[in-house]
Amino acid sequence: MPERGPDPEIASAHFPVEPLDVYNRELLANVHPSGWVNPRPAARYHLVVVGAGTAGLVSAAGAAGLGARVALVERHLMGGDCLNVGCVPSKGILRAARAWEEARQAASRFGGPAAAGAPSFGAAMERMRRLRAGISPHDSAERFRGLGIDVFLGDARFTAPDAVEVDGQLLRFRRAVIAAGARAAVPPLPGLAEAGFRTNETIFNLTELPRRLAVLGCGPIGCELAQAFARFGSEVTLLGRQAQLLPREDADAAAIVAAALTRDGVRLELGIKATAVRKRGPEKVLDFERMDGRRGEGGLRELAVDEILVATGRQPNVEGLGLRAAGVRYTPKGVEVDDRLRTSNPRIFACGDVASKYQFTHVADAQARLVIQNALFFGRARASALTVPWCTYTSPEIAHVGLYERDARGRGLEVDTLTVPLADNDRAVLDGEDEGFLRVHLERGTDKILGATLVAEHAGDMLGELCLAITQGIGLGSIASVIHPYPTQAEVVKKAADTWRRGKLTPRVKKLFRWWFRIFS
Ligand SMILES: Cc1cc2nc3c(=O)[nH]c(=O)nc-3n(C[C@H](O)[C@H](O)[C@H](O)COP(=O)(O)OP(=O)(O)OC[C@H]3O[C@@H](n4cnc5c(N)ncnc54)[C@H](O)[C@@H]3O)c2cc1C
């Protein structure tokens, strides 16, 4: 007889899903069905996958689709962070916040009607929950069972180099994939736990808008959510240790986003260190000091808020997996893998946030495909060969692919850099979205694209052409001969290509043309 699945009480030891309305019930029915009965394990699996986030789902579905016998183990919610507490809910609320902002600006910018009436944060969150529930069948336990995969709900723990235990059952494997993901890293800030705080695991449970919100951390998650909550009407303060928000991005690109956030009412406190949190009546008080030691100068030293969102980085889920028993080396930074994503145990691979410096859904997906080849077919695909783009979905967005100028120089590569302002793009001007630019780095003297940064309202959607070019070795010169529809913001890529081509008109070539037109007349 198959054994019973995990008790919902055990599942609730993990982060809560609230409120339990019709949409969240639908979500849970898909991603953690109560009364789920774990199957009786096969004698041995070709592949056991630990974690059913993007990396785990893609590994499991891909391997099963090719005919492998696969077990997939998830301790909490199928779909992992992306579906439940990451990309999907965040992009859902960012869209609502953008709609509100556009409605507010419709009169002043476009001569439209003045926005009237009180907006409803509750309705925006309900919309997000409805859409998330609507997407969830794709990642559901039932769908994966239908793909022929043995789906186990419960905590997976390696007990030997070739065995995983779940809910008292032993799953033996030829190969395993650790796809256990990551969670919010919470700084050891005195008083923070006592005062209470939210992370990405709990912020999307809100049904009422916090009047005042402190966002700790000025990376992509902090910036996106700070802007959204400010647009919803919260008094938002974004605090970061770095002097620049989105520290990985070029300073002028980040400055455009900083200006946009400030316009939306986000108060920026950068180059600061939070030192403690206190409860004062119903409010939380955050103490902080400037990193340069100028205590209190030029800003607050004490910030009273109703909610604190911690977005100070991610911590891989390496605890409790029995990695020692499996002979898998790891550090607090994650499971150690080689370029083929193999761990120190040659039977076990790892991919996604638990083992990657790039913590994105599309990277988890790409790495999982690579793991299938390498783990099951003796493939030799290399993670370092992947061209990885990313995008921060603020308004405007910053998207990037390939090398930054500093990376290129660090590798001893000389670059030619082209920067085309969006103000030169008709569609961006007509849309009133002309703050931004496209920057392309080329290998010096050639049209080989090494990297690109795009700051634009829909930069993520526009970057695909450059990702294709880098991945397939298509030079910028070739893009100059591609016809782009007019007027589109994506034409900025062609503009960069035309600019490069014009640069090829050396004085010698120009002289040749002059000679030609003299004899041609
Ligand atoms: C707020 C936010 C917004 C984001 N927005 C974007 C975005 O716009 N674009 C983008 O590309 N990326 C985004 N990300 C990042 C993206 O969500 C992650 O990169 C992606 O989810 C990683 O997938 P994963 O499969 O590696 O891990 P996860 O999605 O974390 O899945 C890991 C799974 O493993 C399970 N697990 C862990 N340990 C065990 C165990 N012992 N036994 C069984 N199961 C276990 C966990 O419960 C979890 O379900 C965002 C992240 C956050 C937090």
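Residues take their numbers from the sequence shown, with the count starting at 1. Whatever order the structure lists them in is the order used to number ligands and atoms, beginning at 1. Values below: all heavy atoms of this structure, side chains included; hydrogens, waters and symmetry mates excluded.
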Are [X] and ligand 1 in contact, using a heavy-atom cut-off of under 4.0 Å?
X	result
G154	yes
G320	no
V354	no
R314	yes

Considering both backbone and side-chain atoms of [X], is one of its nitrogen or oxygen atoms within less than 3.5 Å of a nitrogen or oxygen in ligand 1?
X	answer
N317	no
L225	no
A156	yes

Tell me which part of [X] gets within contact of ligand 1: side chain, backbone, both or neither, using heavy atoms under 4.0 Å.
X	value
D81	both
Y393	side chain
A182	backbone
A179	backbone
K91	side chain

Look at atom [atom1] of [X] and say whether more than 12 heavy atoms of other residues, nucleotides or ligands are closer to it than 6.0 Å.
X	atom1	result
R127	CZ	yes
K91	NZ	yes
E208	CD	no
R248	CZ	yes
R324	CZ	no

Enumerated ligand 1 atoms positioned under 4.0 Å from heavy atoms of [X]:
X	value
Q359	15 (C), 19 (O)
D155	41 (N), 42 (N)
V73	43 (C), 44 (N)
G53	25 (O), 29 (O), 31 (O), 33 (C)
S90	3 (C)
H362	11 (O)
G352	26 (O)
L77	49 (O)

Open item on the list: Among R44, R172, R175, which residue satisfies the salt bridge (Lys or Arg N to Asp or Glu O under 4.0 Å) criterion with D162?
Closed with: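 Result for salt bridge (Lys or Arg N to Asp or Glu O under 4.0 Å) with D162: R172.
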(Q) Testing R198, R212, K284 one by one against D306 for a salt bridge (Lys or Arg N to Asp or Glu O under 4.0 Å), which residue passes? (A)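 Going through the options one by one, the only one that passes is R212.
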Does either side chain, that of N24 or that of R132, offer a donor lying less than 3.5 Å from an acceptor on the other one?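 There is such a pair between these side chains.
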- prompt: Do the side-chain N and O atoms of Q489 and E457 include a donor-acceptor pair separated by under 3.5 angstrom?
  reply: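 There is no such pair between these side chains.
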In the protein, which heavy atom is nearest to [atom], and how far is it?
atom	value
atom 46 (C) of ligand 1	E74 OE2, 3.5 Å
atom 3 (C) of ligand 1	G86 C, 3.5 Å
atom 53 (C) of ligand 1	N200 ND2, 3.3 Å
atom 9 (N) of ligand 1	C87 SG, 3.9 Å
atom 44 (N) of ligand 1	R75 N, 3.1 Å
atom 26 (O) of ligand 1	D353 N, 2.8 Å
atom 10 (C) of ligand 1	T361 N, 3.5 Å
atom 25 (O) of ligand 1	A55 N, 2.9 Å

Is the closest basic N to carboxylate O distance between [X] and [Y] below 4.0 Å?
X	Y	value
R183	E201	no
R369	D365	yes
R98	E101	no

Within the side chain of D407, is there an N or O that forms a donor-acceptor pair under 3.5 Å with the backbone of Y404? yes
Review point. Can you name the closest pair of heavy atoms from T262 and L268 and give their distance?
Key: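 T262 and L268 have their closest heavy atoms at OG1-CD1, 3.8 Å.
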Practice problem: Classify the angle between the aromatic ring planes of F229 and F232 as parallel (below 30°), tilted (30 to 60°) or perpendicular (above 60°). | Solution: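 Plane angle over 60°, so perpendicular.
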Quiz item: Aromatic rings Y45 and F152: how do their planes relate, parallel, tilted or perpendicular, breaks at 30° and 60°?
Solution: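 If you compare the ring of Y45 with that of F152, the planes turn out perpendicular.
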